[in-house]
J.: 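Quick one: the structure is below, and I'll ask about it shortly.
Numbers here simply count residues along the sequence, with the first being 1. Side-chain atoms are counted along with the backbone in the values below, which use heavy atoms only and exclude waters and symmetry mates.
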Amino acid sequence: MKLYEKLLKGEEKLAVVGLGYVGLPIAVAFAEKVKTIGFDINRNKIEQYQKGEDATKEVGEEVIRTTSLQFTWEEEKLREAKFIIIAVPTPVHIDKTPDLSPVIQACILAGRNLAKDSIIVFESTVYPGVTEEICVPVLEKESGFLCGRDFKVGYSPERINPGDKVHRLKNIVKIVSGMDVETRETVAKVYELIIDAGVHKVGSIKAAEAAKLVENAQRDINIAFMNELAMVFEKMDINTREVIEAMNTKWNALGFTPGLVGGHCIGVDPYYFIYQAEILGYHSQIILSGRKINDDMGGYIGEIIVKRMIKAGKLVNKAKIYIMGITFKENCPDIRNSKVLDIINRLREYDAEVTVVDPQADSAEVKKFYNLEVVNLSEVTEADCIVFAVAHKEFVELTRAQIDRMYRVLPPREKLMIDVKSIFNKEEMEDLGYAYWSL
């Protein structure tokens with residue numbers, strides 16, 4: 001507990017490596033309790049934070065302006081810290097295999113600036129064994145130290161839900177683990193400084209790594225089940241929302257709904273589990289099937305849009321289509337692994353004119369990563385079809401009159417509305433003359 005006590009007394013510092021949607025809230029929270037360094041290799045990002053700008057919208061600009069967190073892109077600053085948290089992304093390659101390069105690069109960087117008797121805790125989502133079998137050797141090589149003698153490691157999977165203003169860092173139970181009991185206890189005490197909900201101690205690092213994958217895989221599977229039902233109900237001419245509302249009247253209904261599954265957790269983490277299972281000779285059946293269903297939903301919705309336009313007597317390549325939302329989820333600026341792009345790409349196969357509207361996303365980022373222009377909500381005019389792909393509050397709050405002004409003057413049933421997240425009421429929209437469809 002010596003390190004914990006020194007942190008409390010201000011004799012030692014804590015550092016967070018990676019200041020994105022996960023790392024920034026953690027670093028800011030720790031800065032309220034102990035001396036904290038916030039490091040990121042992206043100098044532009046650090047300069048934004050230093051100006052008081054929060055592109056993630058996770059902690060807010062007032063907090064960024066007043067925090068005591070020391071922002072830096074200079075890796076040498078990490079030498080001042082004895083408790084280091086690594087919170088970098090772990091994406092997948094195009095073939096869906098794990099891309100561990102960000103976490104390995106973070107280990108190289110941390111290793112060459114590692115102080116003796118430090119504890120390194122990983123928050124990045126990985127498959128069981130990565131921390132001890134891949135990260136530790138890199139840390140040892142770069143530092144010249146021996147794990148267990150000169151430094152210790154722990155694992156505490158991130159559980160932050162970007163854009164969620166209810167389930168926040170401090171009120172979500174934190175899973176903690178360490179390479180030995182002493183390390184685990186120290187890690188637990190340190191996190192208890194900022195986690196009001198408390199911590200859950202796990203007996204091994206591998207078990208903690210697995211817990212993170214499993215909690216996201218189960219959500220992925222449940223959403224895939226609802227997506228499969230939605231596709232079958234489409235053929236049966238049954239309204240999925242009506243079925244779900246009826247089902248949810250029973251106490252043990254799980255409350256899942258169909259939709260696009262993107263982002264940097266649920267749309268990625270199951271592939272880490274599948275990959276490791278394959279290496280061990282087990283071919284995933286349920287998890288892989290769920291992934292395939294969810295990965296294909298963007299293309300499926302794109303085909304539905306085309307069919308609906310044809311039924312309305314419209315030429316797809318002559319129609320004006322607006323896509324409302326490009327982020328991977330509502331009320332969040334994160335565009336990583338957004339499945340809305342799959343809808344757009346499918347429509348473009350038919351030479352459709354597609355325009356993106358998203359008041360939450362950074363238009364420069366959308367242009368950089370997806371080569372798409374983003375227009376303001378006020379610029380939506382003369383539409384033939386509007387696709388509400390993401391349930392941003394700005395879309396939910398639209399009045400019927402505002403929506404109606406976005407369309408060109410069209411006969412009843414020719415104003416196409418595709419409501420992926422069932423924002424609006426089907427009967428009401430159809431009574432107003434819209435050709436309405438929801439997933």
J.: For D180, is there an ion pair with R184 - N to carboxylate O distance below 4.0 angstrom?
T.: no

J.: Quick check against the 3.5 Å criterion: does S124 have a side-chain atom that pairs as donor or acceptor with the backbone of T90?
T.: no

J.: Would you call E47 and R43 a salt bridge, taking side-chain N to carboxylate O under 4.0 Å as the test?
T.: yes

J.: Are E12 and K82 within salt-bridge range, i.e. N to O under 4.0 Å?
T.: yes

J.: Run the side-chain donor-acceptor check on residues 104-112: report pairs under 3.5 Å with partners two or more places apart or on a different chain.
T.:
unit_1 : atom_1 : unit_2 : atom_2 : d
R112   : NE     : E75    : OE2    : 2.7
R112   : NH2    : E75    : OE1    : 2.9

J.: Taking the side chain as every heavy atom from C-beta outward, state whether K421 and H392 have any atom pair closer than 4.5 Å.
T.: no

J.: Is the shortest distance from a Lys or Arg side-chain nitrogen in K320 or E353 to a carboxylate oxygen in the other one below 4.0 Å?
T.: no

J.: Does R65 pair with E62 as a salt bridge, N-O distance under 4.0 Å?
T.: yes

J.: Does a side chain donor of either E330 or Q360 reach within less than 3.5 Å of an acceptor in the other side chain?
T.: no

J.: For E303 and Y350, does a side-chain donor sit closer than 3.5 Å to a side-chain acceptor?
T.: yes

J.: Drop me the distance from I37's CD1 to R79's CZ, to the nearest 0.5 angstrom.
T.: 12.0 Å

J.: Classify the angle between the aromatic ring planes of Y127 and Y272 as parallel (below 30°), tilted (30 to 60°) or perpendicular (above 60°).
T.: tilted

J.: Count the heavy atoms belonging to other residues, nucleotides or ligands that lie under 6.0 Å from CD1 of I286, then report whether that count exceeds 12.
T.: no

J.: Under 3.5 Å, is there a donor-acceptor pair linking the side chains of D295 and Y271?
T.: yes

J.: Using the rule side chain to side chain contact (heavy atoms under 4.5 Å, CB included), only one of I205, I119, I86 pairs with V153; which is it?
T.: I205

J.: Could you tell me whether K367 and E373 make a salt bridge, using a distance below 4.0 angstrom between a side-chain N and a carboxylate O?
T.: yes

